[in-house]
**Student:** 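This structure is in structure tokens; I'll ask about it shortly.
The shown structure was predicted, so the numbers you read here are calculated from the model rather than taken from an experiment.
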Amino acid sequence: MPLKQLVNFLTERSPHHGYSEKLIDRLREIVKATWYLGFTAFGGPAVHFQIFHKKFVEEKEGRTPWIDEQTYQQLFALCQGLPGPGSTKFLFATALVHAGWLPAILAFLIWSMPGAVGMFALALGVRQISETLPEPAYAFLSGLNASTVGIVAVAAVQLAEKCIKDPFSRLLVVFGACGGLCYGALWYYPVLVVAGGLACVTWDLWLGRRVRRVKQAWEARRRRAADQAAAAEDEAAGNPRRQQEIELREPEPTADDTKHGTSPVQRRHAQPESTVTSSTGATAESSTESSTTTDVRQQQQRPQTPSEPFKVPYGVSVRTGLIVLAVFMISFIIILVTRSELPQEYRPLSLFANVYLAGTIIFGGGPVVIPLLSEYVVSPGWVSPRDFLIGLAIIQAFPGPNFNFAVYLGALAVAGSGGGTSASLALLGALLGYIGIFLPGLVFAAFSQGLWRMLRTNPLFIALLRGINATAVGLVFTAVYRLWEVGYLTSESTSGGSLDAVQGGRVSGRSLADEPWFVVVAVLTYTGNKWFNIPAAIGIAAGGVLGLAWWGVTQQ
């Protein structure tokens, strides 16, 4: 593709919208809106989505929202249903529909680079330390883990409050949380999310409607029975006026009435003409009020579709998305085939292939990336269990995306392969880990944009995203549990003699519940952030300090 055509492609404006700001203005707007997020967005994906909602959806301090609430919910569900880092895909997709390709790429780099640089520096430092850390370091890391649990728990509750709109959504949140707790295979999370989406489609478009019709028929039958009983009592008491009022009341039509084309009025006993004439006004008013109430009820129960879709200034066409996806799949096949054909292992290529594969098949974000990366870098012996767990504890307290963990692991894996200076190999490994873990998710986010713009008003697509959204929120509660199980680090649990320390993404036999003080730290962080609006960064730092305080008291 010639350079001029490439520039035109990256800076093109959607032909369907009149968004006329220049590229430099859009780039400036992206920098102004996101420059600090990579330094201050602590707490992981669940907290990141809350930050993005406040930043890009809510109208505060004169800000113009980038997207509306419904678009936010749909993009959230879409990003949760695609492989890769959820919060990073969401930021990239939001910037893409708001400002175009180059601003979206800039937003991604601003968002991810601070944490990536920090994790690379951590990898260089870890290579210089001895096999066993000082005991205060383990206490500090445990305090960071405990406070992170509290922050993620707050985000899980807030996401659930926004997601739950009806009883069925509540069931899907519980389904996602309980299902995620019971099993943790790599294929399981995407199956769970898709199952929640299909269940919501079935309920919204078929089963729910049948249940509501049965419920309405049962309520109408119960009201008729109550009216007949009241009429019998009044007749026995000698009150014919009450009898006439009940007979003149228009019952709601049932399914049988609709099927046979009859109305309750046709089946009602004939009334004296004078009585009917005198009560015509009252009957008409009652019928109109009943009809209005029924219409409102049905409007609330049926899936909501936007009457005027949110206008997307920029977007990716279906054709462009398919081209991007095709190029990605070709590169994916080439890398895997090249690795398998090499006569001996070349560590940088093997690392990139493993991380590239992980970024392609990871659904569910943080809870899944931990055991998968341990399988891909610890099991081959590229990274020791101790170094893996140290990085795992630190990444929870780092700002930005948790997938920067791959930068840390890539630097350690390639630096130990030999064949060059340690610093240069570590830098190469960090770059390979960074590109390999993030690129697949961004490709899928770009590919889905065209389809999303076409289907976002389709009732079936809306129901599918609603179910995926609710189930994904349930998986956030699963992430709280997984982090709880990581929590308590000691020199024994991080020893390099066994891989048991990282199986399933948890420290072997150690959780925050093993030391009540860290449970207190998690609770304090939760209440401080939820009720007193203490920023996540301050809460996590305070957790590390409290971990040191615990060590100082217990060691004396």
**Student:** Counting C-beta onward and ignoring hydrogens, is there a side-chain heavy-atom pair between L37 and I110 closer than 4.5 Å?
**Tutor:**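 L37 does not reach I110 side chain to side chain.
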
**Student:** Considering only heavy atoms from C-beta outward, does the side chain of P535 approach that of F42 to under 4.5 Å?
**Tutor:**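 The answer is no, as the side chains (C-beta and beyond) never meet within the 4.5 Å cut-off.
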
**Student:** Without swapping roles, check the side chain of R347 against the backbone of A413 for a donor-acceptor pair under 3.5 Å.
**Tutor:**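 Yes; judged by distance alone, with no hydrogens or angles, the pair exists.
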
**Student:** Here's a test for you: under ring pair (Phe, Tyr, Trp, His ring centres under 6.0 Å), which of W35, F52, F39 qualifies with W111?
**Tutor:**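 One option only clears the test, and that one is F52.
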
**Student:** Using modelled atom types only, decide if a donor and an acceptor are shared between the side chain of T471 and the backbone of I468 within a distance under 3.5 Å.
**Tutor:**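 No.
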
**Student:** Would you find more than 12 non-hydrogen atoms of other residues, nucleotides or ligands less than 6.0 Å from Y346 atom OH?
**Tutor:**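 Counting neighbours around OH of Y346, 12 or fewer heavy atoms of other residues, nucleotides or ligands fall under 6.0 Å, so no.
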
**Student:** Got S511 and Y488 here, is their nearest side-chain heavy-atom distance under 4.5 Å?
**Tutor:**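 They are not in side-chain contact.
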
**Student:** How are the rings of W66 and H98 set relative to one another: parallel (under 30°), tilted (30 to 60°) or perpendicular (over 60°)?
**Tutor:**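 Judged by the thresholds at 30° and 60°, the geometry between W66 and H98 is parallel.
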
**Student:** With a 4.5 Å limit on heavy-atom distance, are the side chains of T338 and L349 in contact?
**Tutor:**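 Contact flag for T338/L349 side chains = yes.
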
**Student:** Under 3.5 Å, is there a donor-acceptor pair between the side chain of N404 and the main chain of V407?
**Tutor:**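 No, the answer is negative, given that no donor and acceptor are paired below the 3.5 Å cut-off.
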
**Student:** Would you mind reporting whether F447 and L322 have side-chain heavy atoms less than 4.5 Å apart?
**Tutor:**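 Sidechains of F447 and L322: in contact.
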
**Student:** Just by distance, do the side chain of K89 and the backbone of C79 share a donor-acceptor pair under 3.5 Å?
**Tutor:**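 Yes: the side chain of K89 pairs with the backbone of C79.
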
**Student:** What about the rings of F90 and F76, do their centers lie closer together than 6.0 Å?
**Tutor:**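 Ring-ring flag for F90/F76: false, centres at least 6.0 Å apart.
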
**Student:** Counting distance only, does the side-chain N/O of T478 pair as donor-acceptor with the main-chain N or O of A177 below 3.5 Å?
**Tutor:**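 Yes; at least one donor-acceptor contact below 3.5 Å.
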
**Student:** Any sub-3.5 Å donor-acceptor pair from N529's side-chain atoms to I534's backbone N or O?
**Tutor:**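 Between the backbone of I534 and the side chain of N529 there is a qualifying donor-acceptor contact (under 3.5 Å).
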
**Student:** Specify the closest pair of heavy atoms between F477 and V157, including all atoms of both residues, with the distance to one decimal.
**Tutor:**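 Scanning both residues completely, I find the closest heavy atoms to be CZ-N, 4.1 Å.
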
**Student:** Answer yes or no: is there a side-chain heavy-atom contact under 4.5 Å between L325 and F444?
**Tutor:**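 Of all side-chain heavy-atom pairs linking F444 with L325, at least one is under 4.5 Å.
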
**Student:** Is there a donor in the side chain of D68 and an acceptor in the side chain of T71, or the other way round, less than 3.5 Å apart?
**Tutor:**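 A pair is found: one side chain offers a donor N or O, the other an acceptor, under 3.5 Å apart.
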
**Student:** Mind running salt bridge (charged side-chain N to carboxylate O under 4.0 Å, His left out) on D25 and R28 for me, showing each step along the way?
**Tutor:** CA-CA 5 Å; D25 295 327; R28 187 182 298 112; 2.9 Å; yes

**Student:** Quick check: do W382 and L351 have side-chain heavy atoms less than 4.5 Å from each other?
**Tutor:**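 Sidechains of L351 and W382: in contact.
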
**Student:** Could you measure the distance from the CG atom of L91 to the OG atom of S112? Nearest 0.5 Å is fine.
**Tutor:**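 One finds 9.0 Å between CG of L91 and OG of S112.
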
**Student:** Relative to the ring of Y72, is the ring of H53 parallel (under 30°), tilted (30 to 60°) or perpendicular (over 60°)?
**Tutor:**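 The rings of H53 and Y72 stand perpendicular, inter-plane angle above 60°.
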
**Student:** Taking the side chain as C-beta and beyond, is there a heavy-atom pair between Y376 and L357 under 4.5 Å?
**Tutor:**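 Y376 vs L357: side chains touch.
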
